[in-house]
Novice: 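Got a structure for you, written out below as C-alpha cells; questions coming shortly.
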Amino acid sequence: QLQVVESGGGLVQPGGSLRLSCVASASTFDPYTIGWFRQSPGKEREGVSCIRTFDGSQFYAESVQGRFTISRASVKNTVFLQMSSLKPEDTAVYYCAVHPFTTAERLCTTASVDSWGQGTQVIVSS
C-alpha cells in the first residue's frame, strides 16, 4: 500500500498563498490518482483537487476553482497544491490521498481512497 506524507501547511493572511506538498513512499505515484482533501471542524471532508498520473487530468472543487493549482513535480513521487488568494473559509486540515486506477473527478467526489496522509493544518487569518 502506497503511503503519503503532506507538508507545507501554516498560518497565512487572507489573500496570501501557500504550497502544500505530498510525497509518496515509492519512487513514483504511477498508476495512482492523487487527491487533496480538506476538513474543518463541523464540516464533512471535501475533495479539493485531484490529478490522475496517467494523463495529467485534473479536477477542482468549485470553491477553489481559479485559486488552487495541483501539479506534479519533476520528481515523480511528489505532488503540489498551490493555493493562492486564500480565504478564511479555506482554513482546514488538508489531507493527501491516493487510489489506483481511478479518475480525478471520481477520487475527489467519492473520496474512495486507498491511503490517507496524516494531514497538514492550514489557517487563514489576519
Novice: Would you check if Ser49 and Phe68 make a side-chain contact, meaning some heavy-atom pair closer than 4.5 Å?
Specialist: no
Novice: Determine, stepwise, if the pair Lys87 / Val124 fulfils side-chain contact (heavy atoms from CB on, under 4.5 Å).
Specialist: CA-CA 6 Å; Lys87 304 174 181 179; Val124 185; 5.5 Å; no
Novice: Which is it for Gln58 and Ser71 under the side-chain hydrogen bond (donor to acceptor under 3.5 Å, both in side chains) test, yes or no, and what are the steps along the way?
Specialist: CA-CA 9 Å; Gln58 302 170 11; Ser71 64; over 6 Å; no
Novice: Is there a side-chain contact between Val79 and Val23, using heavy atoms and a 4.5 Å cut-off?
Specialist: no
Novice: Taking all non-hydrogen atoms of both residues into account, name the closest pair between Ala97 and Val113 and its distance.
Specialist: CB-CG1, 3.4 Å
Novice: Search all heavy atoms of Ser85 against all heavy atoms of Ser17 and return the closest pair with its distance.
Specialist: N-OG, 4.4 Å
Novice: Report, as yes or no, whether the 6.0 Å neighbourhood of atom CD on Glu44 holds more than 12 heavy atoms from other residues, nucleotides or ligands.
Specialist: no
Novice: Nearest 0.5 Å, please: how far is OG1 in Thr78 from CD1 in Ile34?
Specialist: 10.0 Å
Novice: Evaluate the side-chain proximity of Thr120 to Leu20: yes if any heavy-atom separation is below 4.5 Å, no if none is.
Specialist: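 When only atoms from C-beta onward are counted, Thr120 and Leu20 do touch, with a gap below 4.5 Å.
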Novice: Atom CZ of Phe80 and atom CZ of Arg72: how far apart are they, to the nearest 0.5 Å?
Specialist: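 If I round to the nearest 0.5 Å, the distance is 11.5 Å.
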Novice: Same cluster or not: are Val4 and Phe59 linked, directly or through other Ile, Leu, Val, Met, Phe, Trp or Tyr residues, by side-chain heavy atoms under 4.5 angstrom apart?
Specialist: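 No, Val4 does not connect to Phe59 through the hydrophobic network.
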Novice: So does Arg52 pair up with Asp30, basic N to acidic O under 4.0 Å?
Specialist: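 Salt bridge flag = no for Asp30 with Arg52.
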Novice: Looking at Gln1, I want to see if its CD is surrounded by more than 12 non-hydrogen atoms of other residues, nucleotides or ligands under 6.0 Å.
Specialist: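 Yes, enclosed.
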Novice: Could you pull out the closest heavy-atom pair between Tyr60 and Ile70, with the gap in Å?
Specialist: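 Smallest heavy-atom distance, with atoms named: OH-N, 2.9 Å.
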Novice: For a quick test of reading the model, state the closest non-hydrogen atom pair linking Val93 to Gln121 and the distance between them.
Specialist: CG2-OE1, 3.4 Å
Novice: Give me each pair satisfying disulfide bond (SG atoms under 2.5 Å apart) with a member in residues 69-110, each pair once, sequence neighbours excluded.
Specialist: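 Qualifying pairs: Cys22-Cys96, Cys50-Cys108.
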Novice: I want to check something: taking the side chain as every heavy atom from C-beta on, are Leu81 and Thr69 in contact at a cut-off of under 4.5 Å?
Specialist: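 Contact flag for Leu81/Thr69 side chains = no.
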Novice: What's the shortest heavy-atom distance between Ala61 and Gly47, and which atoms?
Specialist: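 Heavy atoms only, the tightest pair is CB-O, 3.4 Å.
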Novice: I need the Leu86 CG to Leu18 CG distance, nearest 0.5 Å.
Specialist: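 Atom-to-atom, Leu86:CG and Leu18:CG are 6.0 Å apart.
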Novice: Do Val98 and Trp116 touch side chain to side chain, with heavy atoms closer than 4.5 Å?
Specialist: no
Novice: Is there a side-chain contact between Leu107 and Phe37 in this structure, where contact means two heavy atoms from C-beta onward sitting under 4.5 Å apart?
Specialist: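 Side chain of Leu107 against side chain of Phe37, heavy atoms only: contact under 4.5 Å found.
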Novice: Using the side chain to side chain donor-acceptor pair (under 3.5 Å) rule, collect all pairs that involve residues 89-114, keeping only residues at least two apart or in two chains.
Specialist: Arg38-Asp90, Arg38-Tyr94, Arg67-Asp90
Novice: Could you grab the distance from atom CZ of Arg19 to atom OG of Ser7, nearest 0.5 Å is fine?
Specialist: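 That separation rounds to 9.0 Å.
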Novice: Going by heavy atoms in the side chains, are Ser25 and Leu2 under 4.5 Å from each other?
Specialist: yes
Novice: Do Ser115 and Gln3 come within less than 4.5 Å of each other through their side chains, counting heavy atoms only?
Specialist: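 With C-beta onward as the side chain, the pair touches.
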Novice: Quick one: pull up CZ in Phe54 and OG1 in Thr33 and give me the separation to the nearest 0.5 Å.
Specialist: 10.5 Å
